[in-house]
**Q** 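Once you've had a glance at the structure underneath, I'll fire off some questions.
We count residues from 1, following the sequence as given.
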Amino acid sequence: MTDDEKRTRHLLGALSGVLAGFSALAVAEPVAALVNPQARPVLAVGGAAIDRTPAAVKDWAIREFGTDDKLVLRLGILAVLTLSALALGILELRFRRSGAAGVLLFGVVGGAAAVSRPDAAGPVDALPSLVGAVAGAAVLSLLARRLRSPGADHGSRPGDWDRRGFLLAATAAAAASAGAGALGRALRGAGSRDAVASRDAVVLPAPASPAPAIPKGARLRIPGISPFTTPNDDFYRVDTALTVPRVNATAWRLRIHGEGVTRPATLSYDDLLRRDLIERDITLTCVSNEVGGPYAGNARWLGVRLSDLLAECGVAPPSRGGPADQLVARSVDGMTIGSPVEDLMDGRDALLALGMNGRPLPFDHGFPARMVVPGLYGYVSACKWIEHIELTTFDAYDAYWVKRDWAREAPVKTQSRIDTPKPFARPKAGPVMVAGVAWAQHRGIDGVEVRVDDGPWRDARPAAEDSRDTWRQWSYAWQAPKGTHTLTVRATDRTGETQTERRTRTAPDGASGWHSVVVTVE
């Protein structure tokens, strides 16, 4: 066999590994559709990777890739699998059964990752990865055998391989794998279509308690400033779900149970729609929001008061003798979020939300139901795709993020942000409008100040306040001289506390510090 023939055979061996990997993932698709769609190998491994990633790395990924962090992770997993498949294909060609054993090992890893996920249905979740790995190992073994065997022609030379047999086997494997993948997508798509149909059929009732009218002057018409109400499509999304759950509202149920619950309840979506709903404008903030970051947004939410639901189930807050001080909300994807019961029942507009800006919740933001609690960071309050509410204590149970060394209780810190001018902008000398937003949910913003370079703090002009649970726009008319300048902002909340200059990271309970931008005035 010539050197060129050897290289060709090795390239085909590598291709065999890729085909085997494709077969493994494709065969896993219909199995996962029947067992648990979240048990697909890439999702299971990706979810397990997220679970075990240090907080600092998560923050870096969110900071660098924003809401595309999950896409980057999936692409990274596929790249690693592709490189591994190439190597296993060559290994199988050189050492019989070694590459196939490697494929099986990947299946075991994928199965273990699936079973370890918080939304796992049990050991059965390992089946997609294991069945897929068996199929992949069989394909790799078959193709490698064709590359080793003598040619089909009687006149073949020693070392020739079965070209026709390899081509037929590779084509058949690719076609069968494509068919298996299409079947899996079709099975999974049926459930997704039902979920979309259930959302499309929702007609939100008029609220029994409408949101107060937004005051005149609360919306500043300044180019570049964040709108007072964040459109649904622009509202930030930060969660651990590699794929957005599509939940069928007609089959969905919410169960309320646990310590101090004297009347457990199971509620359907229609049960919630028939209740008296309240509508409120509430600003949400993610704990992963860096100083000046984009992960804050304001929306008009429609939902049921959590305090009413809990009281009907016999729950009392700790201040009134209730035994449970923590509410653990569990999502359909297994995420657990722990909230202080006292805060949920202290009179604030803590909601089990069904609507967002006049429409049923988008799937990205938790349809059919999610929690919205003013004044708390999302990781301790804003459970999306919620299906269980369990009353317990902080001593008895640590929710998902607390297990990863984030704080158990996390009130939102007073923050402000400059939206315009943008960093490194080059405005003309003369009047320049500096503007942005400030927030201190459930305390309210009392004032905003702006500083140019190391000069004195000057009062900015806050827009009219909607409520203490929403952010507040502000503006400052600056007579800008030529040169490079640093603009800094800070806010003071209604309790009299001024935003601290001390910079902290987002972990364990939210970032702090003043936001600054550097501009060059021409």
**Q** More than 12 heavy atoms of other residues, nucleotides or ligands under 6.0 Å from CG of D200: yes or no?
**A**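 For D200, atom CG is crowded (more than 12 foreign heavy atoms under 6.0 Å).
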
**Q** Can you establish whether the number of heavy atoms outside K403 located under 6.0 Å from its atom NZ is more than 12?
**A** yes

**Q** Distance only, no hydrogens: is a donor on one side chain within 3.5 Å (strictly under) of an acceptor on the other, for D194 and N248?
**A**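 No, because no side-chain N or O of D194 sits under 3.5 Å from a partner of the opposite role on N248.
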
**Q** Are the side chain of R490 and the backbone N or O of T498 linked by a donor-acceptor pair below 3.5 Å?
**A** no

**Q** So does R408 pair up with D395, basic N to acidic O under 4.0 Å?
**A**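 Salt bridge between R408 and D395, a charged N being under 4.0 Å from a carboxylate O: yes.
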
**Q** Check whether Q499 reaches the backbone of A491 with its side chain - one donor and one acceptor, N or O, closer than 3.5 Å.
**A**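 Yes, because the side chain of Q499 sits within donor-acceptor range (under 3.5 Å) of the backbone of A491.
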
**Q** Could you check whether D419 and S226, counting side-chain N and O atoms only, form a donor-acceptor pair closer than 3.5 Å?
**A**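 Indeed, the side chains of S226 and D419 share at least one donor-acceptor pair under 3.5 Å.
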
**Q** Within a 6.0 Å radius of atom CZ on R253, are there more than 12 heavy atoms belonging to other residues, nucleotides or ligands?
**A** yes

**Q** Hey, are D333 and S331 close enough side-chain-wise for a donor-acceptor pair under 3.5 Å?
**A**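 Their side chains do contain a donor-acceptor pair, which is all the 3.5 Å distance test asks for.
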
**Q** Counting only heavy atoms not in R263, do more than 12 fall under 6.0 Å of its CZ?
**A**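 Enclosed.
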
**Q** Classify the ring geometry of W457 against W514: parallel below 30°, tilted from 30° to 60°, perpendicular beyond 60°.
**A** perpendicular

**Q** Working note: Y295 + Y377, criterion ring pair (Phe, Tyr, Trp, His ring centres under 6.0 Å); need CA distance, chi angles, decisive distance, verdict.
**A** CA-CA 11 Å; Y295 301 126; Y377 284 117; over 10 Å; no

**Q** Just one of V372, L254, I256 clears the side chain to side chain contact (heavy atoms under 4.5 Å, CB included) bar with L352, so which one?
**A** L254

**Q** Quiz question: by atom type and distance under 3.5 Å, do the side chains of T470 and D281 form a donor-acceptor pair?
**A**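 Checked: T470/D281 side chains show no N/O donor-acceptor pair below 3.5 Å.
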
**Q** Any chance the side chains of T506 and S288 put a donor and an acceptor closer than 3.5 Å?
**A** no

**Q** Please determine whether a side-chain nitrogen of the Lys or Arg among K384 and D239 lies less than 4.0 Å from a carboxylate oxygen of the Asp or Glu.
**A**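 The answer is yes: the pair qualifies as a salt bridge.
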
**Q** With a cut-off of under 6.0 Å to the ring centre and 45° to the axis, is R404 in cation-pi contact with Y400?
**A** yes

**Q** Using 4.0 Å as the upper bound for N to carboxylate O, is an ion pair formed by E390 and R330?
**A** no

**Q** So does D270 have more than 12 non-hydrogen atoms from other groups sitting under 6.0 Å from CG?
**A**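 Enclosed.
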
